[in-house]
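For reference, positions follow the sequence shown, starting with 1. Quick caveat: nothing in here was measured; it's all calculated off a predicted structure.
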Amino acid sequence: MTIKLFSVFSLTLSIILISSIFFHFSAALGGAVGGWTPLNNVNTPNVVAIGQFAVNEHNKEAGTKLEFQSIIKGESQVVAGTNYRLVINAKDGGYVRKYLVVVWDKPWEKIKKLTYFKQM
């Protein structure tokens, strides 16, 4: 009985230890799978193009005439492609306003979709 209990305890402890090590390594390498990771540089041509795409798509869908200005901050999430969650500035008439946008990008299939767009 004591040996069996010790074996179960050892196995449980081993699983917890291995899980903990995996979690720490995955966090060090850019976050857990499916988690949001901050973008270090939101001014790369690809990220700026995602922000411009979000405004253009929103204009088509909502019949507005917003003008993309800049990206304030952003995060990415690896899914079946990449989700980009950006806080952007866009001009609405004479006023610059902040918006939270999410764009799903799957470049190898040439798919890009605006999934969220809201004024902050």
Side-chain angles (χ1 to χ4, degrees):
M1 175 73 173
T2 305
I3 294 174
K4 192 173 189 179
L5 184 61
F6 181 73
S7 295
V8 170
F9 177 75
S10 296
L11 179 62
T12 303
L13 189 59
S14 297
I15 290 171
I16 291 171
L17 181 63
I18 290 169
S19 297
S20 177
I21 290 169
F22 175 76
F23 174 77
H24 288 292
F25 275 115
S26 71
L29 295 173
V33 175
W36 290 96
T37 303
L39 296 172
N40 294 327
N41 184 359
V42 295
N43 296 311
T44 64
N46 182 54
V47 176
V48 171
I50 296 287
Q52 291 170 333
F53 171 83
V55 171
N56 292 338
E57 282 299 301
H58 176 73
N59 285 341
K60 288 181 204 171
E61 292 173 8
T64 57
K65 295 183 179 181
L66 299 177
E67 297 175 33
F68 175 81
Q69 298 293 301
S70 63
I71 300 172
I72 299 167
K73 65 180 179 176
E75 301 172 298
S76 65
Q77 177 188 44
V78 176
V79 289
T82 304
N83 279 322
Y84 291 90
R85 182 165 56 192
L86 307 174
V87 176
I88 65 168
N89 282 326
K91 193 181 262 187
D92 183 8
Y95 302 97
V96 175
R97 303 185 196 281
K98 273 191 211 180
Y99 298 87
L100 177 62
V101 304
V102 178
V103 173
W104 177 61
D105 187 28
K106 198 171 185 183
W108 61 92
E109 290 186 14
K110 296 184 169 80
I111 298 172
K112 205 176 287 180
K113 183 174 181 183
L114 177 64
T115 59
Y116 187 83
F117 194 103
K118 187 168 181 171
Q119 184 178 342
M120 297 179 73

Show me the pairs that pass salt bridge (charged side-chain N to carboxylate O under 4.0 Å, His left out) and involve residues 46-55, at least two apart or across chains. none
Indicate every side-chain donor-acceptor pair of residues 40-61 with a distance under 3.5 Å to a residue at least two apart or in another chain.
{"unit_1": "Asn41", "atom_1": "OD1", "unit_2": "Asn43", "atom_2": "N", "d": "2.9"}
{"unit_1": "Thr44", "atom_1": "OG1", "unit_2": "Val47", "atom_2": "N", "d": "3.4"}
{"unit_1": "Asn46", "atom_1": "ND2", "unit_2": "Tyr84", "atom_2": "OH", "d": "3.3"}
{"unit_1": "Asn56", "atom_1": "ND2", "unit_2": "Gln52", "atom_2": "O", "d": "3.3"}
{"unit_1": "Glu57", "atom_1": "OE2", "unit_2": "Lys60", "atom_2": "NZ", "d": "3.2"}
{"unit_1": "Asn59", "atom_1": "OD1", "unit_2": "Thr64", "atom_2": "OG1", "d": "2.7"}
{"unit_1": "Asn59", "atom_1": "OD1", "unit_2": "Leu66", "atom_2": "N", "d": "2.9"}
{"unit_1": "Asn59", "atom_1": "ND2", "unit_2": "Val55", "atom_2": "O", "d": "3.4"}
{"unit_1": "Asn59", "atom_1": "ND2", "unit_2": "Leu66", "atom_2": "O", "d": "2.8"}

CG of Leu39 to CD1 of Ile71: how many Å apart, nearest 0.5 Å? 8.5 Å
Output a table of donor-acceptor pairs, distance under 3.5 Å, between side-chain atoms of residues 92-111 and any protein atom two or more places apart or on a different chain; print 'none' if there are none.
{"unit_1": "Asp92", "atom_1": "OD2", "unit_2": "Arg97", "atom_2": "NE", "d": "3.4"}
{"unit_1": "Trp104", "atom_1": "NE1", "unit_2": "Ala80", "atom_2": "O", "d": "3.1"}

Applying side-chain hydrogen bond (donor to acceptor under 3.5 Å, both in side chains), can you list everything that pairs with Ser70, at least two apart in sequence or on another chain? Asn89
Shortest non-hydrogen pair, Ser76 vs Thr82, comes out as CB-CG2, 3.9 Å
Determine which pairs satisfy salt bridge (charged side-chain N to carboxylate O under 4.0 Å, His left out) with at least one residue from residues 35-47, sequence neighbours left out, and list them in order. none
Quick check: do Val87 and Met120 have side-chain heavy atoms less than 4.5 Å from each other? yes
With sequence neighbours left out, which residue pairs that include part of residues 66-86 fulfil the salt bridge (charged side-chain N to carboxylate O under 4.0 Å, His left out) condition? Glu75-Arg85
